[in-house]
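The structure under discussion appears below in the form of structure tokens.
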Number of protein chains: 2
Amino acid sequence: MKALSQTSKYGIRALLYMVANPSQGEYMSIGEIAKEMDLSFHFLTKIFRELTSNGILNSYRGPAGGVALAKSAESIMLLDVVLALEGNDYFDSCLLGFPRCGIAKPCPVHEFWKVAKADLKDHFSNTSLSQLAEKINADEVRLYD
Amino acid sequence: MKALSQTSKYGIRALLYMVANPSQGEYMSIGEIAKEMDLSFHFLTKIFRELTSNGILNSYRGPAGGVALAKSAESIMLLDVVLALEGNDYFDSCLLGFPRCGIAKPCPVHEFWKVAKADLKDHFSNTSLSQLAEKINADEVRLYD
DNA sequence: ATTAAATAAGAATAAATAGTCTTAAATATG
DNA sequence: CATATTTAAGACTATTTATTCTTATTTAAT
Ligand code: SF4
Ligand code: SF4
């Protein structure tokens with residue numbers, strides 16, 4: 001059950017690293033994040049460009065440049081990140097992919113699927129990066145070995 | 001949120017057609033199913049071979065041959081079809097795809113993800129093809145326009 | 001100015017998934 | 001036996017997703 005693309009997985013993991021290891025008002029270099037999280041620098045750079053253009057990150061070029069959260073970690077929800085990286089139609093998906101689907105008389109799995117999607121969306125929209133980072137820093141949970 | 005591959009989507013749709021349009025003890029040709037469900041004949045044939053080798057369908061070659069359910073529609077669960085077509089590790093997936101994940105101290109989204117996957121698995125394992133086909137035949141729901 | 005350090009942009013390549021096509025094998029019927 | 005019908009098998013092609021690479025631009029420091 002592959003819910004997220006590699007792009008989203010890496011993006012979320014990298015953001016969690018940033019939030020769990022804050023660098024007071026400074027920019028953090030993509031190279032450092034990629035190295036610490038064992039991700040491809042070039043791929044992560046591409047992912048971060050998307051997050052920057054979606055207002056989740058700010059970036060700054062040149063020496064001592066890098067990326068920083070554009071908003072507080074409390075106000076960035078998993079939903080924001082997923083929509084930015086998967087597209088805004090992420091929760092419009094159809095389980096069976098029928099062509100010409102009409103909600104008027106839906107297909108036999110729609111009732112279930114509607115609820116499953118709503119639950120996921122609900123969880124994503126109620127989970128902030130800071131909530132997850134708190135768990136990491138409380139050592140209840142880990143980002144990597 | 002793409003939960004299923006095209007292979008699974010088409011496979012489920014085609015099976016539902018078969019169950020909703022039973023042909024008493026006879027084999028139904030893949031060509032007919034593909035035509036009625038507007039699927040590629042060759043692709044559907046490939047998918048059905050997988051279902052046949054997994055004991056969900058029986059097949060028979062030659063004139064008046066085709067495919068037929070290998071078990072009663074009451075006893076074929078959505079879960080059986082999904083595992084046959086997506087692989088038995090379908091529900092072992094990881095939301096964030098961390099390498100070297102240890103459940104001992106899981107990553108920050110694991111508690112939620114575990115429950116979401118269990119819910120989906122539960123629903124699939126409690127939903128039979130006949131249950132869905134009944135809804136179709138009661139016209140509460142539709143397979144296509 | 002020059003250099004070094006960083007992200008931006010997007011082309012190029014690789015891998016995975018989806019879909020098509022060709023040939024072979026099985027079976028029924030005349 | 002000859003032919004038509006149908007699935008089996010797998011090679012082939014196309015599309016999408018993932019990843020890497022190259023070049024350009026911005027910025028700080030000397
Ligand atoms: S009704 Fe069925 S086909 Fe339409 S969106 Fe819902 S799950 Fe998909
Ligand atoms: S603990 Fe996290 S990394 Fe491990 S399987 Fe669960 S979701 Fe994935």
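Throughout, a chain's letter reflects where its sequence line sits, starting with A, and its residues are numbered from 1.
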Taking atom C1' of C:dA6 as reference, at what distance in whole Å does atom CZ of A:F48 sit?
14 Å
Looking at D:dA18, C:dT20, C:dA18, which one has an atom nearest to any side-chain atom of B:H42?
C:dT20
Without hydrogens or angle criteria, can the side chains of A:S8 and A:E86 be said to hold a donor-acceptor pair below 3.5 Å?
yes
Among the nucleotides C:dG19, C:dT7, D:dT20, whichever has the atom closest to the side chain of A:I30 is C:dT7
Looking across every strand, which nucleic acid part, if any, lies under 4.0 Å from A:K2 by heavy atom: base, sugar-phosphate, or nothing?
sugar-phosphate
Which nucleotide in D:dA18, C:dA8, D:dA8 has an atom nearest any side-chain atom of A:F43:
D:dA18
Search all heavy atoms of A:A14 against all heavy atoms of A:F48 and return the closest pair with its distance.
CB-CZ, 3.6 Å
Can you tell me how far C1' of D:dT16 sits from CD of B:Q6, to the nearest Å?
11 Å
Given side chains that start at C-beta, do those of B:I76 and B:V19 come closer than 4.5 Å, heavy atoms only?
no
Taken to the nearest whole Å, CG/A:L44 to P/D:dA18 is 15 Å
Exercise: identify the closest heavy-atom pair between A:M18 and A:L69:
CE-N, 4.2 Å
Report the distance from atom CD1 of A:I33 to atom C1' of C:dA6, rounded to the nearest whole Å.
12 Å
Among residues 53-72 of chain B, which ones have heavy-atom contacts with DNA chain C below 4.0 Å?
B:Y60, B:R61, B:G62, B:P63
For the student: nearest non-hydrogen atoms of B:D80 and B:K71, plus distance:
OD2-NZ, 4.2 Å
On the 0 to 90° scale, with breaks at 30° and 60°, tag the B:H123-A:F112 ring pair as parallel, tilted or perpendicular.
parallel
Do you see a donor-acceptor pair shorter than 3.5 Å between the side chains of B:E26 and B:Y60?
no
So, is B:S5 close to the C:dT17 phosphate, meaning a side-chain N or O under 4.0 Å from OP1 or OP2?
no
Any donor-acceptor pair under 3.5 Å joining the side chain of B:K46 to the base of C:dG19?
yes
Using whole Å, report how far CD of A:E50 lies from P of C:dT7.
17 Å
A:R13 CZ - D:dA18 P separation (whole Å)
13 Å
Take atom CG of A:L85 and atom P of D:dT17, then tell me their distance rounded to the nearest Å.
14 Å
What is the distance, rounded to the nearest whole Å, between atom CG of A:L39 and atom C1' of D:dT20?
14 Å
Mind checking A:Y10 for me? I need base, sugar-phosphate or nothing, with any heavy atom below 4.0 Å counting as a touch.
sugar-phosphate
